[in-house]
Amino acid sequence: MVAAVDIDGRAAQLGINWSEINLDSIQLPPGDDFGIASDDEAVYHDDQSEFDTGFGNIIVVDHLPDVLREKYEKLEGVVKKIYNQLGVIRENGLWMPVGPDTKTLGYCFIEFNTAQEAQNAKEKTHGYKLDKSHIFDVNKFDDFDRLMNVKEEWEPPQARPYSPAENYQKWLTDEKARDQLVIRHGADTEVYWNDPRQKKPEPVHKRPYWTESYVQWSPLGTYLVTLHKQGAAVWGGADTFTRLMRYQHSMVKLVDFSPGEKYLVTYHSQEPSNPRDASKVEIKVFDVRTGRMMRDFKGSADEFSIGGPGGVAGASWPVFRWAGGNDDKYFAKLSKNTISVYETETFSLIDKKSIKVDNVVDICWSPTDSILSLFVPEQGGGNQPAKVALIQIPSKVELRQKNLFSVSDCKMYWQSSGEYLAVKVDRYTKTKKSIYSGFELFRIKERDIPIEVLELDNKNDKIIAFAWEPKGHRFAVIHGDQPRPDVSFYTMKTAQNTGRVSKLATLKAKQANALFWSPTGKYIILAGLKGFNGQLEFFNVDELETMATAEHFMATEIEWDPTGRYVATAVTSVHEMENGFTIWSFNGNLLYRTLKDHFFQLAWRPRPPSFLTAEKEEEIAKDLKKYSKKYEAEDQDVSLLLSEQDREKRKALKEEWEKWVMQWKSLHEEEKLARQNLRDGEVSDVEEDEYEAKEVEFEDVIDVTEEIVQESM
Amino acid sequence: MPLRVCSFSFSRPSSPSSTVISIDSDTKMRPILMKGHERPLTFLRYNRDGDLLFSCAKDHTPTLWYADNGERLGTYRGHNGAVWCCDVSRDSSRLITGSADQTAKLWDVQSGQELFTFKFGSPTRSVDFAVGDHLAVITTDPFMERTSAIHVKRIAEDPQDQVADSVLVLQSPEGRKRINRAVWGPLNQTIVSGGEDAVIRIWDSETGKLLKESDGEVGHKKPITSLCKAADDSHFITGSLDKTAKLWDMRTLTLIKTYSTVVPVNAVTMSPLLNHVVLGGGQDASAVTTTDHRAGKFEAKFYDKILQEEIGGVKGHFGPINALAFNPDGRSFSSGGEDGYVRLHHLDSDYFNIKI
């Protein structure tokens, strides 16, 4: 490692101004490292050296029978028959060495077309019983080198010196209490501060080709994860984004964090070579901070999905669902007839076995507790009712269950603090010809978990959207028929009645098909996306009044910032025109818009939950005036500064323009005679001068009022 | 003549500006819809007095209108292809038109009589009379083996004396790329051209020497669709498919201003009265698949010429805008769309009171 001082010294020697060099712009020719080992590669060399030999598609099969010359071809035939089913063997790709006594040596090499086929063949035939005394022992050729090189003596790993980490939470200490957001457009990924005072975003970090597919914030906002061919990487740090850790998983497709960001789950699926097979799925769970792989799961897509043929679609993401709360203790996987719940201490199944539930199709964790809700549809043509149940983990005790009849489908919605669970139930009518919907509402925190049934006023209404108020006790439903459905608000408790759900209001005929609650509750955006071209209605649910209506034409995405102060609406590249995003205040004031061609993604950086207690927060809300004074003064200063800058800019532009005009005028004057000649002596400039000198005056009648003046007698 | 009147408003852009005066959007300016063409409009031209408006379209007949009330005066029959461009002499006696039928024709404005036909081996794209109306510049498209070219013709006082010979023929270095517009520079000393290769060129009109080329760094990135010069020939504005319009000094070819919009620009014009420029465009006609006319942004957008900020827009067309022209008095302008309509807008007090 060269010390920074040395580098500076050397640079000075060579006359290089260090500050002018953009290290990212330097590209070394591929394969040549000028004798400087990159610290990046070191990480990969540890795990990857075996891939470099180019023999990845060769396997070695041991424990074949030793046969004489005459039986050689027969054995060859048998081996070929076995392995041709698993992949394409290259021409002359089967090599069975023969000893001096013309007897085969009991092993052979097989070269496949691809490394994947070799891997597959290895997995499928390792331990294959040819007969009683010949059980195949299959290895990849590449593995030999590695295994041979293992040292006889165990060496203790060297402890790395401790280096203090940066403050990963520094963005939370921003003086102006701004929030960050990441956007992807074209080849660039950019992180910005949302600065509504300046009416523009302020750049934090920009990098072309930062990710190969998409980016994602960790749930508490500490990390930004990027996806690459080799695996996933997380970025963060105090002032700029540096790479903190990498997780090797080739061709990773999807990632998911545990809610407390302790673990990262990565997913990769491989299309099968034979279209009849299910695609292969590999999932790895990493410890985010150490980068260690805690467990990996491999299998066909069928094992990771339920219902329908797994097939091309692969598993539904996330495969592993994390239990609520920030302690990251449990995660669950749903597969056919079973729910597998793992705990993160040992990364094994709780009690070493899965929970058997016949035909279970959906599971859902409470966002705060280790309670799992599950749904089992009707079976036996309606003889056995459908069921929604709540299971406590790790005890696996069923807390509550409810049987439901003539059900076509169920959807479960947890309220964000885990107090309520709403189950939307679609039932058949008696004739089974149509479907109507209702809700079953569970009160989790109350004794015995009472269940209440809610039907809409018009129970034939189709339900278009449902959303709980975050941290609150209200929910909103869009129901009715397109194109103008109704929006209703309900509350789980009113002042008079704490144990009953009651309706607050119904807004008739709204152009809305999606609901976006502010993360702090109270405010909601009724949005008409897609068919409604981006209609937005900012609604205050406390007062039950519309604060503003607006439109972001063709908007495809709406996202509240984590504090509930601002909303971003975006048009992504699904539309060709007007890609970009717009920032609104919570009450629907347009603050600024930014246009970016080929806009792909926008994501606010989440914030960890506040340390303040609910009481303290309430107290602050009460004394808000006291606190806001300071910020109002700041706002004033900023806007003054802005208008001052703006004025100066305009003045400069105007002056510059005047200079041009003066120049043109004098030239025009000079050329007057020449022009006159061109026009056969016609004096022609009069008119043009007239334009320039014209003053425009207008009279506008603003208002006409008639007043009767009473004459005094 | 079919004449329909419908209301429209001069609307403010929705982006917040630092100092905003509100315009009462209920005050409607009433545009005059002129439906005289059966195909998309291609070009609009006012005469010097501002009382006549000439329109060209992909149908074969250029049309003459009263610029005040939109009444149709007459048509010029004789072309056998789309008419791309026209120009009218200073005294409003002569009209020159360029057409895809590979000819450019001289007309008597008043009688509609065809006076002379210049024949070329390829479609003519743009025409422009010089100061004094004794010369005209005509551009031709690349066609078969022919490359795009700029022809200078002498225009005789008496049509009897008119000859077909070119005084000068200029070949573009990018011959396979179409030249979309060529106009005369100050005192007829130069010719300014722009086209599909996105480069603006200034030529010496005497010797045919290429004098200047626009810089690739600051210049347009995609084909230049339109070019409009100021009344005093001091500067000009170009519109391009790269979604910008740029203002240049006509003598030095210095880039002065850039106006950015969200759609490809098909047409540009400048107000002779106020410091405003107008951009018209919309997505390509072939890309218009959305049913909502708002999706295409078929809007004539007004920009402050100096501050480069958008100050308003006039909606109404339900296809891209192909042509824009300001009345020389600066109090009205007209737009021609892919939809086949000419919309004639008399600007109202709201417009003249705009402050930013």
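Order of the sequence lines fixes the chain letters, A, B, ..., with proteins taken first and strands second; residue numbering starts at 1 for each chain.
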K.L.:
Could you tell me which portion of A:N677 (side chain, backbone, both or neither) has an atom closer than 4.5 angstrom to a non-hydrogen atom of chain B?
P.N.:
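Interface part for A:N677: neither.
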
K.L.:
Among B:S234, B:P186, B:G132, which residue has the highest count of heavy-atom pairs closer than 4.5 Å to chain A?
P.N.:
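Among the listed options, the one with the most contacts to chain A is B:S234.
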
K.L.:
Heavy-atom distance under 4.5 Å between the side chains of A:R184 and A:F599, does that happen here?
P.N.:
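Answer no - side chains too far apart.
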
K.L.:
Heavy atoms only: give me the nearest A:S573-A:N579 pair and the separation to one decimal.
P.N.:
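Taking every non-hydrogen atom into account, CA-OD1, 3.2 Å.
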
K.L.:
Looking at B:F352, I'd like to know if the NZ or CZ of B:R331 sits under 6.0 Å from its six-membered ring centre while staying within 45 degrees of the ring's axis.
P.N.:
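Yes; both conditions hold, so B:R331 lies above the ring face of B:F352.
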
K.L.:
Heavy-atom cut-off 4.5 Å, strictly under: side chain, backbone, both or neither for A:L653 against chain B?
P.N.:
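For A:L653, heavy atoms of backbone and side chain both lie under 4.5 Å from chain B.
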
K.L.:
Give, as side chain, backbone, both or neither, the part of B:N275 having an atom under 4.5 angstrom from any heavy atom of chain A.
P.N.:
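Answer is side chain: those atoms of B:N275 sit under 4.5 Å from chain A.
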
K.L.:
In terms of relative ring orientation, are B:F302 and B:Y351 parallel, tilted or perpendicular, with 30° and 60° separating the classes?
P.N.:
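Correct class here is perpendicular.
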
